[in-house]
Amino acid sequence: MKRLFYFVLLLAGFSAIHSCKDLLDENGDPLVDINNNSGLIGPRALYREITDADTIAEYHYNGLLLSKVITDSASITDVMFSGDKVSTINFRGFLDMDGNGKLEKDSISFSQLFTYGNTGRLESISENRSIYRRAAPIPPATLGVKALFKKTKSIFNLKYNGSTAKLDSIIMRNGDDVSGTPFAYTKYTKVGYEYVGDNISKAVKYYGPMIGTTGNVYGTPAQKLGYAYSNYDTQISAYTLLPFAYKVSALISTDYKDIRSLMLSPNSPKRISVTDLSLPIPAPTVFSTDYNYDPQTYVKKGFGINFIYKPL
């Protein structure tokens, strides 16, 4: 359960912003002062998610389109569009791959290509990832050389409910990409979603091995984690301002980021529970919050995270 706690702590924040006055965007224009009640009137974009300890994410735009996201340790996500749809996302930086609350020392780069169906829905994401590891230093050097450690390939297939057209599940298959060796998928994850209205009420994720070399046989899950979201408000979530494809990319960037599935909902849950369903007697860990809103009913603060907007 340790890996679960960090994501809840990140979400919950457990602390408030002391002061965020005089914030400027990348153009030097003033942002909304979250310490007053005037709010931002008119069209907006999400610019920052911040706590008193750090900036969780900073969003940059090319006109009306999201173009870059800066996260932990100056990690950078570049977002590219074809028309009005995200076509490619490139990441370079650091991630917490195992959910233990610490960024890996290995640096990571990946490129994701997005494929859409005839109806315009996102249907699959293919990813090529490289992991770089620093070798032990050779005296008199104090810092070792960073070199390619491993490459992987992944495919993510998105399924939608035939009746409601809502996202039903995301299935990932992954394997190491070793030069001179035939590629095969060796592991999978599957996360399924349930809804109350348009909001996600439950996400359950399975982790297991692929059987054989065909890439079509799924083994018995070795792990199962559950996330439940309830007591939704009726106001506007800050994440509605981000592209759906980017939100999916953020969720699949590691195997243990599904607590952030609330990003896919138009409203915000006041209660979240996290459960290791692999245990003989699962015991949920529950967290709750109240939200603050601006005059246009967008969330300003919840779970210790302050949302900063900029005018469009």
Side-chain angles (χ1 to χ4, degrees), residues 1 3-8 10-12 99 116-117 119-125 154-173 187-208 218-291 299 302-303 305:
M1 281 292 289
R3 63 166 52 96
L4 298 179
F5 292 154
Y6 166 67
F7 291 113
V8 176
L10 173 63
L11 182 68
Y116 298 83
T119 62
R121 291 190 309 201
L122 177 61
E123 291 191 346
S124 67
I125 303 171
S154 302
I155 184 74
F156 301 84
N157 294 109
L158 286 73
K159 306 296 183 183
Y160 297 87
N161 185 285
S163 300
T164 65
K166 292 182 174 69
L167 180 64
D168 179 78
S169 62
I170 302 175
I171 301 171
M172 181 277 289
R173 290 172 292 164
K187 69 176 184 178
Y188 76 90
T189 63
K190 177 181 179 180
V191 56
Y193 301 103
E194 296 180 16
Y195 295 81
V196 172
D198 291 330
N199 294 308
I200 289 177
S201 59
K202 184 182 296 185
V204 178
K205 190 163 190 176
Y206 300 84
Y207 304 76
Y218 298 85
T220 302
Q223 188 178 21
K224 182 180 179 183
L225 303 177
Y227 309 89
Y229 310 88
S230 59
N231 296 353
Y232 273 91
D233 63 14
T234 58
Q235 315 304 317
I236 305 173
S237 167
Y239 300 116
T240 60
L241 298 171
L242 298 175
F244 173 76
Y246 168 76
K247 291 185 283 189
V248 172
S249 174
L251 291 175
I252 65 175
S253 62
T254 80
D255 285 343
Y256 295 99
K257 210 168 183 179
D258 296 274
I259 194 170
R260 302 288 288 168
S261 296
L262 60 86
M263 297 173 69
L264 302 176
S265 295
N267 307 117
S268 303
K270 298 178 182 178
R271 186 177 188 271
I272 297 175
S273 67
V274 185
T275 308
D276 186 346
L277 299 172
S278 305
L279 298 175
I281 304 177
T285 303
V286 179
F287 298 86
S288 61
T289 192
D290 288 317
Y291 291 97
V299 168
F303 284 109
I305 298 174

Practice task
First locate atom CG of Asn231, then atom CG of Asn199, and finally report the distance between them rounded to the nearest 0.5 Å.
Solution key: 11.5 Å

Completion exercise
Here the gap from Lys247 atom NZ to Ile252 atom CD1, rounded to the nearest 0.5 Å, amounts to 14.5 Å

Problem - OH/Tyr246: more than 12 non-hydrogen atoms of other groups inside 6.0 Å - result: yes

Handout entry: Of all pairs that satisfy salt bridge (Lys or Arg N to Asp or Glu O under 4.0 Å), the ones with a partner from residues 192-207, not counting sequence neighbours
Key = Lys166-Asp198, Lys205-Asp258

side-chain contact (heavy atoms from CB on, under 4.5 Å) involving [X] - partner list, sequence neighbours excluded:
X	value
Ile236	Thr240, Thr297, Tyr298
Ala245	Val86, Phe114, Tyr116, Leu122
Ser230	Arg271

Problem - Partners passing ring-ring contact (aromatic ring centres under 6.0 Å, His included) against Tyr207 (at least two apart in sequence or in another chain) - result: Tyr256

Practice task
Could I get the full list of ring-ring contact (aromatic ring centres under 6.0 Å, His included) partners for Phe156, not counting sequence neighbours?
Solution key: none

Handout entry: Any donor-acceptor N or O pair under 3.5 Å, side chains Thr164, Tyr195
Key = no

Do [X] and [Y] make a side-chain contact, defined as non-hydrogen atoms from C-beta onward lying under 4.5 Å apart?
X	Y	value
Leu264	Leu251	yes
Ser261	Tyr227	no
Lys224	Ser278	yes
Tyr291	Gln235	no

Problem - Trace of the side chain to side chain contact (heavy atoms under 4.5 Å, CB included) decision for Leu225 with Asp276 - result: CA-CA 5 Å; Leu225 303 177; Asp276 186 346; 3.8 Å; yes

Practice task
Show your reasoning for whether side chain to side chain contact (heavy atoms under 4.5 Å, CB included) applies to Tyr229 and Ile272.
Solution key: CA-CA 5 Å; Tyr229 310 88; Ile272 297 175; 3.8 Å; yes

Practice task
Determine the minimum heavy-atom distance between Ser201 and Val196, stating which atoms define it.
Solution key: CB-CG2, 3.7 Å

Practice task
Begin from the C-alpha positions of Lys187 and Asp255 and carry the test side chain to side chain contact (heavy atoms under 4.5 Å, CB included) through to its verdict.
Solution key: CA-CA 11 Å; Lys187 69 176 184 178; Asp255 285 343; 3.5 Å; yes

